[in-house]
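We're numbering straight along the sequence, starting at 1. For ligands, and for the atoms within them, numbers begin at 1 and follow the listed sequence.
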Amino acid sequence: MPPSKSDPIAIVGAGVFGLSAALQLSSSGYTNISVYERDTQVPARYSAGHDLNKIVRPEYEDPWYTKLTLQAIQGWKTPLFGPHFHQTGFLHLVSGTAPEKATQTLGRFYSSIRDHPTFQKHLIPINSQKDITDIAWQLNGPLPGWNGYFNRLAGYAHSSNALRAVYEAAAARGVKFFLGDDLGKVTGFVYGAGGQKVTGIRTGNGKVVPAALVIVAVGAAAATLIPDAGSQVVAKSWSIGHVKLTDDETSKLRGIPVTYARDLGFLFEPDPKTNLLKICPMGGGYINTDPADGVSYPPKSLAESDGVLPPGDEARMRRLLREALPEFADRPFVEKKLCWFADTSDSEFIVDYVPGTEGSVVLLSGDSGHLFKMFPIVGGWVGRLVEERKQGVERWRWKGGAKKGKWEGDVSWRLGETREFVDIRSPVCAKL
Ligand SMILES: Cc1cc2nc3c(=O)[nH]c(=O)nc-3n(C[C@H](O)[C@H](O)[C@H](O)COP(=O)(O)OP(=O)(O)OC[C@H]3O[C@@H](n4cnc5c(N)ncnc54)[C@H](O)[C@@H]3O)c2cc1C
């Protein structure tokens, strides 16, 4: 039986999964929804989505996800999401020195849309520097050997603003939000007589709040609340950095496509409010394994990840700029940080009931670094799971017995080695 429309539902985490679930369930008539978020604000700074922008592109190596993202892109064009979606197009490339793995991945992405009727008039193959500057004259670097394709049916979302919009829409529908360490941080569950069914949550101030259903949507922190999730979800981070531009520079770069050289990293149209141009390097990322149990958790404080930009990442970002936008190649990077997400060994999400809880706990996690683009349709997946009270999509089930640890080599679209956070964090942070 699904919960009754007036039963208390506790959603833990106000990121992409948590906010979409809250909005969807309130739209379906559930009237007693509370969202618990450990940060004092939404968009929450611990959320992997707390960022200027995220790529929204439909091509995937797996055509199943291509179909899904095409639905999501329709959602990005609705009144709630539309102001935050910018269809600048996606230049998807490899540099002239890319490893074979990157070139093959690019080829598989391209194959998923090349013969797809929706994309017929919207794809341009890229084989030369001129092919690129015909699309974006501003990319005036040497672009040596860069090749791939341009997809006009893609772009990016302003991610923090989209999170804020969904938060405000859910609050306007009567969803209650509890924020901060005392009221918003969930520290554990309360169990019924048999010891399996969860009947409530405990917050930072020790208070117990009853719940008929608990939806855990804490991203990279999944194993902090559900220890068994630690064998299937690895807290992993990638770095980001920004270049601060002048008004004129921002204006000049207006409309450039998301530009992604798979072996180096990607950059976005600058944000006109802050004049920040965001860059992400491509790499295997960083995990934070607790030697006591072998599980990777996100660091406890934001301060530990702020300002961190490992030298190898910085070198790839500088090369990306030197080859595409050389006038910024030596400008300092600002607002650098590591951004933590929930990685799984097969890059599939987890949208399922937690076994052994008698249907009282749902886990939404395992975003694997590619969930944001789905924001407009994520709530629908959760709504079906709750309403139908049965397991959802086969590939997003709870993954019993999955392997722990580093699996960068197994994931076709990832390049580079995954390293431990302890090996790259600054000595100052280590003492905090
Ligand atoms: C650098 C980087 C680049 C990315 N680029 C893209 C991209 O281009 N396109 C794309 O589609 N996706 C991208 N992603 C992935 C996307 O950001 C994530 O998939 C998405 O944000 C995950 O959503 P989530 O709801 O699972 O977790 P989150 O958004 O991380 O939210 C989890 C929330 O739970 C809260 N929380 C944690 N513990 C507790 C607790 N005990 N009590 C209460 N609250 C708690 C946190 O504060 C946080 O707000 C990127 C990710 C990273 C790191």
Dump the pairs for me: ligand 1 N or O, protein N or O, distance under 3.5 Å, to 0.1 Å.
{"unit_1": "ligand 1", "atom_1": "8 (O)", "unit_2": "I55", "atom_2": "N", "d": "2.7"}
{"unit_1": "ligand 1", "atom_1": "9 (N)", "unit_2": "I55", "atom_2": "O", "d": "3.0"}
{"unit_1": "ligand 1", "atom_1": "11 (O)", "unit_2": "H370", "atom_2": "O", "d": "3.4"}
{"unit_1": "ligand 1", "atom_1": "11 (O)", "unit_2": "F372", "atom_2": "N", "d": "3.0"}
{"unit_1": "ligand 1", "atom_1": "11 (O)", "unit_2": "K373", "atom_2": "N", "d": "2.8"}
{"unit_1": "ligand 1", "atom_1": "11 (O)", "unit_2": "K373", "atom_2": "NZ", "d": "3.0"}
{"unit_1": "ligand 1", "atom_1": "12 (N)", "unit_2": "F372", "atom_2": "N", "d": "3.3"}
{"unit_1": "ligand 1", "atom_1": "14 (N)", "unit_2": "G369", "atom_2": "O", "d": "3.3"}
{"unit_1": "ligand 1", "atom_1": "17 (O)", "unit_2": "A48", "atom_2": "O", "d": "3.3"}
{"unit_1": "ligand 1", "atom_1": "19 (O)", "unit_2": "D367", "atom_2": "OD2", "d": "2.6"}
{"unit_1": "ligand 1", "atom_1": "19 (O)", "unit_2": "L371", "atom_2": "N", "d": "3.2"}
{"unit_1": "ligand 1", "atom_1": "21 (O)", "unit_2": "G49", "atom_2": "N", "d": "3.3"}
{"unit_1": "ligand 1", "atom_1": "25 (O)", "unit_2": "V16", "atom_2": "N", "d": "3.0"}
{"unit_1": "ligand 1", "atom_1": "25 (O)", "unit_2": "F17", "atom_2": "N", "d": "2.9"}
{"unit_1": "ligand 1", "atom_1": "29 (O)", "unit_2": "S47", "atom_2": "OG", "d": "2.7"}
{"unit_1": "ligand 1", "atom_1": "30 (O)", "unit_2": "A48", "atom_2": "N", "d": "2.9"}
{"unit_1": "ligand 1", "atom_1": "41 (N)", "unit_2": "V186", "atom_2": "O", "d": "3.0"}
{"unit_1": "ligand 1", "atom_1": "42 (N)", "unit_2": "V186", "atom_2": "N", "d": "3.0"}
{"unit_1": "ligand 1", "atom_1": "44 (N)", "unit_2": "R38", "atom_2": "N", "d": "3.2"}
{"unit_1": "ligand 1", "atom_1": "47 (O)", "unit_2": "E37", "atom_2": "OE1", "d": "3.4"}
{"unit_1": "ligand 1", "atom_1": "47 (O)", "unit_2": "E37", "atom_2": "OE2", "d": "2.6"}
{"unit_1": "ligand 1", "atom_1": "49 (O)", "unit_2": "E37", "atom_2": "OE1", "d": "2.7"}
{"unit_1": "ligand 1", "atom_1": "49 (O)", "unit_2": "E37", "atom_2": "OE2", "d": "3.4"}

Rounded to the nearest 0.5 Å, what separation is found between the NZ atom of K236 and the SG atom of C339?
14.0 Å
In this structure, which one of L321, L325, N275 forms a side-chain contact (heavy atoms from CB on, under 4.5 Å) with V243?
L321
With a 3.5 Å cut-off and no angle check, do the side chains of R45 and T40 form a donor-acceptor pair?
yes
R114 NZ/CZ over Y110 ring centroid, <6.0 Å and within 45° of normal:
yes
Identify whether NZ of Lys or CZ of Arg in R38 sits under 6.0 Å from the centre of the six-membered ring of Y46 and within 45° of that ring's axis.
yes
Pair up each side-chain donor or acceptor in residues 373-384 with any protein partner under 3.5 Å, not counting sequence neighbours, and list the distances.
{"unit_1": "K373", "atom_1": "NZ", "unit_2": "Y60", "atom_2": "OH", "d": "3.2"}
{"unit_1": "K373", "atom_1": "NZ", "unit_2": "H370", "atom_2": "O", "d": "3.1"}

